[in-house]
Amino acid sequence: MSGPTENADVFDFIIVGAGSAGCVLANRLSASGRHRVLLLEAGPENRHPWLHIPLGYGKLFTDRRFNWCYATEPQPECHGRQVIAPRGKVVGGSSSINGLIYIRGQAEDFDHWRQLGNAGWSFEDVLPYFRRSEDNERGANEFRGSGGPLSVSDARDAHPLALAYVEAAQQCGYPRNDDFNGASQEGAGLYQTTMRDGVRCSAAAGYLKPARRRANLRIVADALTTRILFEGRRAVGIEYVVGSDKRVARAGAEVIVASGTFNSPQLLQLSGLGPASLLQSLGIPVVADMPGVGDGLNDHYAGRIMLRCREPITLNDAVRGWSGKAAAGLRYAFTRRGALTVSAITAGCFVRAHPASATPDSQCSMALYSGDAIGGELHPFPGVTGVCTLLRPESRGFVRIKSADPREAPAIHPNYLATAKDRETVLAGVKVLRRIFRAPAMARHVAAEIEPGEQCTNDDELLDFIRRRGSTTYHPVSTCRMGQDAKAVTDERLRVRGFSGLRVIDASIMPAVVSGNTNAATIMIGEKGADMVLADAV
Ligand SMILES: Cc1cc2nc3c(=O)[nH]c(=O)nc-3n(C[C@H](O)[C@H](O)[C@H](O)COP(=O)(O)OP(=O)(O)OC[C@H]3O[C@@H](n4cnc5c(N)ncnc54)[C@H](O)[C@@H]3O)c2cc1C
């Protein structure tokens, strides 16, 4: 062996990133024992208790030990604000810090991917992978799976406000829906979460833990991959650093980039795959001029309203002061119940807010807490937050490196609310959300709307509020989009176009964001991607 990977450790598969997709891949690719697999993760092992206690979600927004804590570029349609862009930087990736909500998206989302030319990605094609991944505590049916690695559960204790929210949505004319991942997504109900017995089921817990003892799987945490190595048009290995120690590993079969929607295009660009002018401006030798790498960033923007409640039964109250925290902690320690098992958001309603929409375009949810800043202190009074996510945003942006230094954050520009349709839809959705909170079943719990406030009555003011106070629901995708056109980065088998031995398998390959939360779909992509890799392995 000679060249850049001479004397390197040799594996069949190298997986860069132990996130939602990376953990699935590590499990499936090492299962037969026939392949040597290296899994590299930039962040640490997932030992800290807050990574396992569901309510830890709120603690992890600003924790740089486990979160890249990115921010977007100033967003022109959001008063020039930089919007937070958290991403997991820990074994389990974003599935270790996310809000635990399990929603796959609509069948039409995947049929749309197929219509864009991606054979094998219609809903009928991907449903078996969703089912294979899942261990739904309600058991299996035509849509749902049981016995898979990912635990999916109902709320341990249905909160009275969550039940009131569902009733209020019904009073507004929306149907009750007991399974958002069943035959239809439309309507109101309680969310299921990726949890088992009150403990978070990240991809690390569900997929990696059972595979850890395999002799053919090596996991290296705190290892930042800095470059993919090529021999001609074949990926042959990677360079990575652990502390100040620079290392090289060789891949006999494939390098699989699973670093997430911000870091996968970053790594490709650092390795010379990207827009030639960008790479040249930073002094990076161009391996392939690929304008699509990093292009097309598509993310969920949400309007958020806040309400003060009458009774002290919200999470603001449950964890207030030392006595509240101690009581919640003890209850969790002894029963795995109570405030610490509550996911980010507990109840929701999928609605068609825009008259042109054939399927739900807005996810109107309620969180059982309120505070001035996301991830900051909760209000010192009872409060809840209404969140309306724009499910199928037309707006697209980009991810571009700003430096040849792999430790520097890339520019993240989702271009929120760039189209008139997006602005119209989110405005219509937030109006639905306000109606639900004003329906009798919720109104009896609400003392006042504190943001934007009852005085905000006309559309211009409400849209201005959404631009000023709205945020992401953390579902960026599409920066290494699969497709058949010139700007597509991967083909429908997730191979980087024009290269051999190189795939991207994570949320970044989605042609468009799904109409729901993205962890379930990313796990599905990991499952399907693993089958493709194994089918092509010699
Ligand atoms: C705060 C938050 C809340 C969310 N809430 C929900 C929710 O409730 N429900 C839901 O379905 N989805 C939710 N999501 C989204 C969902 O978790 C993600 O879409 C999904 O986890 C993405 O998976 P991934 O494999 O693409 O990337 P990730 O899971 O982010 O994994 C990428 C991994 O690669 C590592 N990495 C990156 N660069 C390198 C490198 N150069 N070298 C080595 N390793 C590297 C990262 O550290 C990370 O661990 C949320 C996300 C966040 C951040």
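Position 1 is the first residue of the sequence; numbering continues from there. Only this structure's heavy atoms are used, side chains among them; waters, hydrogens and symmetry mates stay out. Here the structure is a predicted model, which means the values were calculated and not measured.
- Ring centroid separation for the pair F130 and F110 comes in under the 6.0 Å cut-off.
- Sequence neighbours left out, the pairs with a member in residues 482-514 that pass ring-ring contact (aromatic ring centres under 6.0 Å, His included) are F230-F499.
- Ionic pairing of R131 and E142 is not present here: no N-O contact between side-chain nitrogen and carboxylate oxygen is shorter than 4.0 angstrom.
- Tested against E394, the residues N415, T419, N298 include a single side-chain hydrogen bond (donor to acceptor under 3.5 Å, both in side chains) partner, T419.
- E492 and Q484 form a side-chain donor-acceptor contact under 3.5 Å, judged by distance and modelled atom types alone.
- The minimum heavy-atom distance between S133 and I523, with the atom names listed, is CB-CG2, 3.8 Å.
- Side chains of R392 and T359: a donor on one and an acceptor on the other come within 3.5 Å.
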Could you check E527 against Y207 for side-chain hydrogen bond (donor to acceptor under 3.5 Å, both in side chains), going step by step and ending with a plain yes or no?
-> CA-CA 11 Å; E527 288 276 10; Y207 281 90; 2.5 Å; yes
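- In terms of modelled atom types and a separation under 3.5 Å, the side chain of R468 and the main chain of C78 share no donor-acceptor contact.
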Evaluation steps, side chain to side chain contact (heavy atoms under 4.5 Å, CB included), between T226 and L267 | CA-CA 7 Å; T226 52; L267 182 61; 5.9 Å; no
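- Separating the CZ atom in R196 from the OG1 atom in T193 is a distance of 11.0 Å, to the nearest 0.5 Å.
- Considering only residues two or more places apart in sequence or on other chains, R304 meets the side-chain hydrogen bond (donor to acceptor under 3.5 Å, both in side chains) condition with none of them.
- In this structure, E137 places its CD atom where more than 12 heavy-atom neighbours from other residues, nucleotides or ligands lie under 6.0 Å away.
- N181 and Q192 share no donor-acceptor pair across their side chains, judged by distance under 3.5 Å alone.
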With side chain to side chain contact (heavy atoms under 4.5 Å, CB included) as the test, would you mind laying out the steps for L390 and D361 before giving the verdict?
-> CA-CA 6 Å; L390 168 65; D361 53 41; 5.7 Å; no
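- Ring-plane geometry between Y191 and F180 is classed as tilted, the angle between the planes lying from 30 to 60 degrees on a 0 to 90 degree scale.
- The side-chain tip of R87 points at the ring of F262 from less than 6.0 angstrom away and within 45° of straight on.
- For the 3.5 Å distance criterion, the side chains of R104 and Y102 qualify, holding a donor opposite an acceptor.
- Taking each heavy atom of L217 and A211 in turn, the nearest pair found is CD2-O, 3.7 Å.
- Within the 4.5 Å cutoff, side-chain heavy atoms of T518 are placed close to those of M510.
- The environment of CZ in R400 is sparse: at most 12 heavy-atom neighbours from other residues, nucleotides or ligands sit within 6.0 Å.
- From L60, atom CG reaches atom OG of S96 across 9.0 Å, with rounding to the nearest 0.5 Å.
- Salt bridge annotation for D135-R144: absent, with no cationic side-chain nitrogen under 4.0 angstrom from a carboxylate oxygen.
- To the nearest 0.5 Å, atoms SG (C201) and CG (N519) are separated by 9.5 Å.
- Residues passing the side-chain hydrogen bond (donor to acceptor under 3.5 Å, both in side chains) test with Y70 are N263, sequence neighbours excluded.
- In this structure, V504 and C480 approach most closely via the heavy-atom pair CG1-CB, 4.0 Å.
- Here the closest heavy-atom approach between residue S403 and residue E408 is recorded as CB-OE1, 3.5 Å.
- Of the inter-residue distances, the one linking S122 atom OG with H112 atom NE2 reads 13.5 Å to the nearest 0.5 angstrom.
- Relative ring orientation between H300 and H475 is described as perpendicular, the plane-to-plane angle rising above 60° on a 0-90° scale split at 30° and 60°.
- Nearest approach of C364 to C388, heavy atoms of both residues: SG-SG, 4.0 Å.
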Any chance you could lay out the ring pair (Phe, Tyr, Trp, His ring centres under 6.0 Å) test for F61 and Y474, step after step, and finish with the verdict?
-> CA-CA 11 Å; F61 270 104; Y474 326 109; 5.5 Å; yes
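- The pair R114-E108 fails the salt-bridge criterion, with no side-chain N (NZ, NE, NH1 or NH2) lying under 4.0 Å from an Asp/Glu carboxylate O.
- Using a 4.0 Å cut-off between charged nitrogen and carboxylate oxygen, R138 and D154 count as a salt-bridge pair.
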CA sep, side-chain torsions, deciding dist, call: L462, V430, side chain to side chain contact (heavy atoms under 4.5 Å, CB included) | CA-CA 8 Å; L462 189 54; V430 171; 4.1 Å; yes
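- Rounding to the nearest 0.5 Å gives a distance of 9.0 Å between CG of L391 and OG of S357.
- Expressed to the nearest 0.5 Å, how far CE of M524 lies from CG of D125 amounts to 10.0 Å.
- For S395 and D422, the side-chain atoms include at least one donor-acceptor pair closer than 3.5 Å.
- Results of the side chain to side chain contact (heavy atoms under 4.5 Å, CB included) test with S365 over I345, I103, T473 single out I345 as the only residue that passes.
- Taking 4.5 Å as the limit, some side-chain heavy atom of D536 sits within range of a side-chain heavy atom of R503.
- In this structure, K402 pairs ionically with E73, as a charged nitrogen and a carboxylate oxygen lie closer than 4.0 Å.
- The pair D12-R250 does not count as a salt bridge, with every side-chain nitrogen at least 4.0 angstrom from each carboxylate oxygen.
- When all heavy atoms of T72 and R81 are compared, the pair lying nearest together is OG1-O, 4.3 Å.
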R434 and I305: side chain to side chain contact (heavy atoms under 4.5 Å, CB included), yes or no, with the steps?
-> CA-CA 8 Å; R434 289 178 104 189; I305 66 172; 3.9 Å; yes
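- A heavy-atom distance below 4.5 Å is found between the side chains of I84 and S471.
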